[in-house]
**Q** 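My questions will all concern the structure given below.
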Amino acid sequence: MTHRFTGIPEPAVASAAGPAPARTADIAVVIDVMRAFTVAAWAFARGAERIVLAETDRSALQRKAAHPDWLALKDGAPAPGFDLLNSPGLIRSADLTGRTLIQRTTAGTRGALAVAHAPLVLCASFAVAGATARVLQSEGDTRQVTFVITGEDGHAEEDLACAHYISRRAHLAPADAAPPDPEPYLHRARTSRAAGELAEGLRRGYRGVHRDDIELCLETDRFPYAMAVRREGAMTVLRPVHLMAPASPQGQRCGPGRADTVDRPGPHRGAWDATRSR
């Protein structure tokens with residue numbers, strides 16, 4: 001399995017048939033540690049059924065107008081029409097059972113939408129690093145993986161650290177080998193520019209930043225599921241992927257360190273059966 005690391009790709013040159021999708025590999029892993037995909041992971045833990053990814057604040061509000069029971073979420077300061085903020089410290093106390101969220105951020109959701117055409121798109125942070133690595137392991141050795149670093153034009157240290165950590169874990173052989181020590185990777189994220197900006201925002205009393213955001217973004221394997229993107233009608237939707245451990249020779253479920261498998265609803269590569277987080 002070949003891994004490469006890049007920023008958010010620019011769209012390819014449009015043709016008479018319309019805009020061409022940006023080129024990427026068989027699998028795209030979109031990384032946003034601080035804070036979009038840490039927030040998404042927490043949203044599923046709090047009971048959210050799915051997250052609709054929006055390109056702009058305007059499109060997010062248009063979807064909410066069409067579906068008043070959906071909850072709109074954005075980064076930055078509170079804004080009219082938006083119900084939630086892009087903060088894991090704030091999301092972790094919300095009751096989102098059965099709800100659909102609309103998420104719009106300047107980095108994470110933009111990166112996921114840019115590669116949504118790929119056969120398989122995963123969104124990740126440290127919170128779901130182990131589960132994401134197991135999905136990559138289950139794909140075999142012949143697939144090409146692109147890690148999309150969404151922050152700072154592909155140079156965000158916290159996103160690079162997370163991508164390197166997931167890549168290292170995905171390359172482990174056998175699949176149940178002890179994972180690498182996450183601390184060197186977490187140190188890179190903890191001392192990153194993004195962490196510094198969050199800390200400064202907290203000191204200045206910025207709304208939308210919680211005192212626990214940085215530490216929550218640095219929790220490794222907080223949740224047992226990965227997060228996969230798929231098209232649902234005209235929408236690009238993120239759902240949790242629950243990895244089923246294969247049975248042991250004695251007929252018992254294997255432990256969490258085993259390579260897991262995910263049922264797919266059809267023959268098409270990259271069509272994942274993403275079920276609800278409970």
**Q** Given 3.5 Å as the limit, does a donor-acceptor pair link the side chain of Thr109 with the main chain of Leu53, or not?
**A** no
**Q** Where do Arg4 and Gln144 land on the side-chain contact (heavy atoms from CB on, under 4.5 Å) test, with the steps shown first?
**A** CA-CA 8 Å; Arg4 72 184 185 100; Gln144 294 184 341; over 6 Å; no
**Q** Mind listing the closest non-hydrogen atom pair of Val39 and Ser87 along with its distance?
**A** CG2-N, 3.5 Å
**Q** Rounded to the nearest 0.5 Å, what's the gap from CD on Gln62 to CZ on Arg58? Could you check?
**A** 5.0 Å
**Q** Using side-chain heavy atoms (C-beta onward) and a distance below 4.5 Å, is Leu186 in contact with Tyr165?
**A** no
**Q** Would you say Val237 ends up clustered with Trp42 if hydrophobic residues are merged whenever their side chains have heavy atoms under 4.5 Å apart, either directly or through other cluster members?
**A** no
**Q** Hey, could you give me the CG/OG distance between Asp32 and Ser125, rounded to the nearest 0.5 Å?
**A** 8.5 Å
**Q** Run the side-chain contact (heavy atoms from CB on, under 4.5 Å) check on Ile102 and Leu71 step by step: do they pass?
**A** CA-CA 6 Å; Ile102 311 163; Leu71 300 175; over 6 Å; no
**Q** Using a strict threshold of under 4.0 Å (side-chain N to carboxylate O), is an ion pair present between Arg239 and Glu232?
**A** yes
**Q** Which value, rounded to the nearest 0.5 Å, describes the distance between Leu113 atom CG and Arg104 atom CZ?
**A** 9.0 Å
**Q** Search all heavy atoms of Ala118 against all heavy atoms of Ala28 and return the closest pair with its distance.
**A** CB-CB, 4.4 Å
**Q** Can Leu136 and Leu122 be said to form a side-chain contact (heavy atoms from CB on, under 4.5 Å), step by step?
**A** CA-CA 10 Å; Leu136 297 181; Leu122 302 171; 4.1 Å; yes
**Q** Within the 4.5 Å heavy-atom criterion, are Arg110 and Thr150 side-chain neighbours or not?
**A** no
**Q** Using side-chain heavy atoms (C-beta onward) and a distance below 4.5 Å, is Pro224 in contact with Leu243?
**A** no
**Q** If you round to the nearest 0.5 Å, how far is CG of Leu160 from CD of Glu152?
**A** 9.0 Å
**Q** Is the number of heavy atoms from other residues, nucleotides or ligands within 6.0 Å of NE2 (His187) greater than 12?
**A** no
**Q** Is the ring centre of Phe147 less than 6.0 Å from the ring centre of His164?
**A** no
**Q** Within a strict 4.5 Å, meaning less than it, do heavy atoms of the Val52 and His67 side chains meet?
**A** no
**Q** Report whether Leu202 and Leu198 are members of the same hydrophobic cluster (ILVMFWY, side-chain heavy atoms less than 4.5 Å apart, transitive linking).
**A** yes
**Q** If you count every heavy atom of other residues, nucleotides or ligands that lies below 6.0 Å from Arg207 atom CZ, does the total exceed 12?
**A** no
**Q** Is a side-chain N or O of Thr38 found less than 3.5 angstrom from the main chain of Val33, in a donor-acceptor match?
**A** yes
**Q** So, for Ala41 and Phe223, which heavy atoms are closest and what is the spacing to 0.1 Å?
**A** CB-CD1, 3.7 Å
**Q** Tell me if the CG atom of Asp141 is crowded by more than 12 foreign heavy atoms within 6.0 Å.
**A** no
**Q** Write down the atom of Ile166, the atom of Ala133, and the distance for their closest heavy-atom approach.
**A** O-CB, 3.9 Å
**Q** With rounding to the nearest 0.5 Å, note down the distance linking OG in Ser93 to CD1 in Ile91.
**A** 8.0 Å
**Q** In the structure I gave you, are the side-chain heavy atoms of Val30 and Ile8 within less than 4.5 Å of one another anywhere?
**A** no
**Q** Would you mind checking if Arg169 and Asp221 are paired as a salt bridge, meaning a charged N to carboxylate O distance below 4.0 Å?
**A** yes
**Q** Closer than 3.5 angstrom, by distance alone: can the side chain of Asn86 be matched with the main-chain N or O of Asp75 as a donor-acceptor pair?
**A** no
**Q** In this structure, which one of Glu157, Glu183, Glu158 forms a salt bridge (Lys or Arg N to Asp or Glu O under 4.0 Å) with Arg190?
**A** Glu183
**Q** Minimum heavy-atom separation for Ala116 to Val121, with atom names?
**A** CA-CG2, 4.1 Å
**Q** For a salt bridge (Lys or Arg N to Asp or Glu O under 4.0 Å) check, start with the C-alpha distance between Asp213 and Arg35, then their side-chain angles and the critical distance, and finish with the verdict.
**A** CA-CA 8 Å; Asp213 277 356; Arg35 294 167 285 172; 2.8 Å; yes
**Q** Check Ile214 against Ala199 and note the closest heavy-atom contact, atom names and distance.
**A** CD1-N, 3.9 Å
**Q** With a 4.5 Å cut-off on side-chain heavy-atom distances among I, L, V, M, F, W and Y, is there a chain of contacts connecting Phe126 to Val145?
**A** yes
**Q** Under the side-chain contact (heavy atoms from CB on, under 4.5 Å) criterion, do Leu85 and Leu73 qualify, and how do the steps go?
**A** CA-CA 5 Å; Leu85 296 175; Leu73 179 156; over 6 Å; no
**Q** Taking C-beta and beyond as the side chain, do Pro119 and Arg143 meet within less than 4.5 Å on heavy atoms?
**A** yes
**Q** Of all residues at least two apart in sequence or in a different chain, which pass the salt bridge (charged side-chain N to carboxylate O under 4.0 Å, His left out) check with Glu197?
**A** Arg193
**Q** Do Asp69 and Arg99 sit within salt-bridge range, that is, some charged N less than 4.0 Å from a carboxylate O?
**A** no
**Q** Got a donor-acceptor contact below 3.5 angstrom from the Gln103 side chain to the Ala36 backbone?
**A** yes
**Q** Are Leu90 and Ile51 linked, directly or through intermediate hydrophobic residues, by side-chain heavy-atom contacts shorter than 4.5 Å (ILVMFWY only)?
**A** no
**Q** Given 3.5 Å as the limit, does a donor-acceptor pair link the side chain of Asp159 with the main chain of Ile149, or not?
**A** no
**Q** Can you tell me how far apart CD1 (Ile27) and OG1 (Thr2) are? Round to the nearest 0.5 Å.
**A** 11.0 Å
**Q** Any salt bridge between Arg92 and Asp212, counting N to O under 4.0 Å?
**A** yes
**Q** So, do Arg230 and Leu120 sit near enough that their side-chain heavy atoms are less than 4.5 Å apart?
**A** no
**Q** Could you walk me through whether Glu55 and Arg63 pass the salt bridge (Lys or Arg N to Asp or Glu O under 4.0 Å) test, one step at a time?
**A** CA-CA 11 Å; Glu55 294 183 4; Arg63 289 205 181 277; over 6 Å; no
**Q** State, yes or no, whether a side-chain contact exists between Phe82 and Leu61 at a heavy-atom distance under 4.5 Å.
**A** yes
